[in-house]
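Numbering of ligands and ligand atoms starts at 1, following listing order.
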Amino acid sequence: MPDIDVLVVGAGPAGSVAAWQARQAAPELDVVLLERDRAVGAPVRCAEGVGDAGLREFASPEGTDWAARKITRVIFLAPDGTEVKVAERNVGWVLDRTRFDAHLAAEARAAGAEVLVATEATGMSRNGDGRWHVRVKSGGIEETWRARVVIGADGVETMVGRWAGLDTRVPSRDMESCAQYVLQGIACDPDAIYLQFGDAIAPGGYAWIFPKGIGVANVGLGLVALKTNGRNARQYLDDWIDRRYPGAARTGYTVGGVIVHTTIKQTFTDGVLIAGDAAHMINPLSGGGIVNAMKAGRLAGCVAASAIREGDTGARRLSAYHHSWMDLLGDDHLKYYKIKQALEDLDDSFFNGLARTVNKIPEGKRSLGRIFTHALIKHPQLIPIAAKFFV
Ligand SMILES: Cc1cc2nc3c(=O)[nH]c(=O)nc-3n(C[C@H](O)[C@H](O)[C@H](O)COP(=O)(O)OP(=O)(O)OC[C@H]3O[C@@H](n4cnc5c(N)ncnc54)[C@H](O)[C@@H]3O)c2cc1C
């Protein structure tokens with residue numbers, strides 16, 4: 001029976017960074033990264049946008065083949081179509097996730113981790129020897145491997161958390177259904193990402209245009225199924241694209257779920273850590289999870305490595321991971337979640353009015369902070385929430 005120190009399930013951003021950082025922290029450990037798909041990074045279920053600062057903690061985008069487009073502007077579109085341009089330098093990047101995820105897995109491999117594709121974890125149980133016995137399937141053959149620490153980085157549909165007895169359920173109001181096309185030959189600012197709000201466009205969520213080049217963009221939307229009139233995300237998206245870009249060529253299509261919730265109550269147990277989407281570590285306001293997943297993966301890899309070195313992989317020792325995550329971002333997500341709930345009560349007319357007020361601020365002086373301040377002035381019921389969490 002193969003005996004592994006750290007077994008990482010899932011080679012998305014969380015898993016690859018976890019394997020990379022675990023090996024870097026403790027090069028003597030056997031670290032294995034499993035990916036059930038036949039290639040790391042494919043298929044892509046993502047709009048591929050990341051903030052500049054967060055990305056740079058892990059990789060420099062300049063001159064790489066995995067950074068598709070530098071973004072220097074955000075354009076908000078109110079439900080009535082009013083545009084609000086927010087100019088900031090170095091806002092972020094639109095990645096090529098197929099290449100980016102492969103790049104992170106290559107970092108893990110370069111650090112000495114073994115990366116296995118087309119290899120799936122199918123179940124696991126705790127054994128009397130204090131190790132997890134993980135069933136691993138590859139090429140139609142199933143084996144059992146022993147692991148000191150299992151890192152569950154297996155995304156939205158996580159099973160590792162459940163196998164370990166952790167509660168990873170998602171309330172249906174906090175699960176967004178997303179649909180996205182790659183559109184070719186469209187007119188949009190190639191240096192800007194667009195975010196469009198509106199109950200008729202994407203109820204409970206928003207629509208996006210994330211350019212990957214001149215005239216090429218990921219165009220999609222996420223919505224909360226409970227808030228729709230029975231139509232699915234693809235139908236809403238088709239309607240929006242037919243109005244905005246009639247005749248555009250649709251050269252790619254993807255669907256996926258985004259958990260806009262808060263971090264699961266417990267991300268650890270004896271010999272197990274859960275990271276990234278699997279632990280609901282997505283920003284509940286924006287739905288962004290790539291950088292969060294990498295940050296969680298880094299914490300998980302480092303805590304697993306030092307716990308093994310110390311000879312204690314029990315729940316109490318591994319709880320350090322949960323506390324570090326909550327200090328880093330998890331507590332902020334609780335605040336963002338409250339704001340999300342407050343925004344849910346506001347209707348289209350609020351956002352239309354806000355867009356017109358914000359447009360009175362000179363373009364160079366518009367920032368997300370100022371927009372938020374205007375939102376508070378226009379809608380005083382947000383003030384107690386802001387006061388509670390921001391002051
Ligand atoms: C439509 C859409 C648009 C999005 N747009 C953005 C965006 O623009 N910016 C942003 O920051 N975030 C975005 N997100 C969210 C982002 O994609 C995720 O937050 C991010 O990929 C999370 O990384 P992860 O490593 O936790 O999980 P994932 O990237 O989902 O990786 C999990 C991996 O685990 C593998 N796996 C699962 N089970 C097993 C198993 N049993 N054995 C082996 N392997 C397994 C999967 O195949 C997968 O490769 C979007 C999501 C969707 C659906």
Identify, with sequence neighbours excluded, every residue that meets salt bridge (charged side-chain N to carboxylate O under 4.0 Å, His left out) alongside Glu57.
-> Lys295, Arg298
Between ligand 1 and the protein, give all atom pairs where both partners are nitrogen or oxygen and the distance is under 3.5 Å, as lines of names plus distance to 0.1 Å.
| unit_1 | atom_1 | unit_2 | atom_2 | d |
| --- | --- | --- | --- | --- |
| ligand 1 | 5 (N) | Ala47 | N | 2.9 |
| ligand 1 | 8 (O) | Glu48 | N | 3.2 |
| ligand 1 | 8 (O) | Gly49 | N | 2.9 |
| ligand 1 | 9 (N) | Gly49 | O | 2.7 |
| ligand 1 | 11 (O) | Gly49 | O | 3.4 |
| ligand 1 | 11 (O) | Gly289 | N | 2.9 |
| ligand 1 | 11 (O) | Ile290 | N | 3.0 |
| ligand 1 | 12 (N) | Gly289 | N | 3.1 |
| ligand 1 | 17 (O) | Arg97 | NH1 | 3.2 |
| ligand 1 | 19 (O) | Asp277 | OD1 | 2.7 |
| ligand 1 | 19 (O) | Asp277 | OD2 | 3.3 |
| ligand 1 | 21 (O) | Arg97 | NH1 | 3.1 |
| ligand 1 | 21 (O) | Arg97 | NH2 | 3.1 |
| ligand 1 | 25 (O) | Pro13 | N | 3.2 |
| ligand 1 | 25 (O) | Ala14 | N | 2.9 |
| ligand 1 | 26 (O) | Asp277 | N | 2.9 |
| ligand 1 | 29 (O) | Arg97 | NH2 | 3.2 |
| ligand 1 | 38 (N) | Arg36 | NH1 | 3.4 |
| ligand 1 | 41 (N) | Ala121 | O | 3.0 |
| ligand 1 | 42 (N) | Ala121 | N | 3.1 |
| ligand 1 | 44 (N) | Arg36 | N | 3.1 |
| ligand 1 | 47 (O) | Glu35 | OE2 | 2.7 |
| ligand 1 | 47 (O) | Asp37 | OD2 | 3.3 |
| ligand 1 | 49 (O) | Glu35 | OE1 | 2.7 |
| ligand 1 | 49 (O) | Glu35 | OE2 | 3.2 |

Going by an N to O cut-off under 4.0 Å, is there a salt bridge joining Arg148 and Asp3?
-> no
Could you pull out all residues at least two apart from Asp80 that satisfy salt bridge (charged side-chain N to carboxylate O under 4.0 Å, His left out)?
-> Arg356
Would you say the side chains of Tyr245 and Arg250 form a donor-acceptor pair under 3.5 Å?
-> no
What pairs with Asp239 under salt bridge (charged side-chain N to carboxylate O under 4.0 Å, His left out), at least two apart in sequence or on another chain?
-> Arg231
Would you say the side-chain atoms of Thr267 and His322 include a donor-acceptor pair closer than 3.5 Å?
-> yes
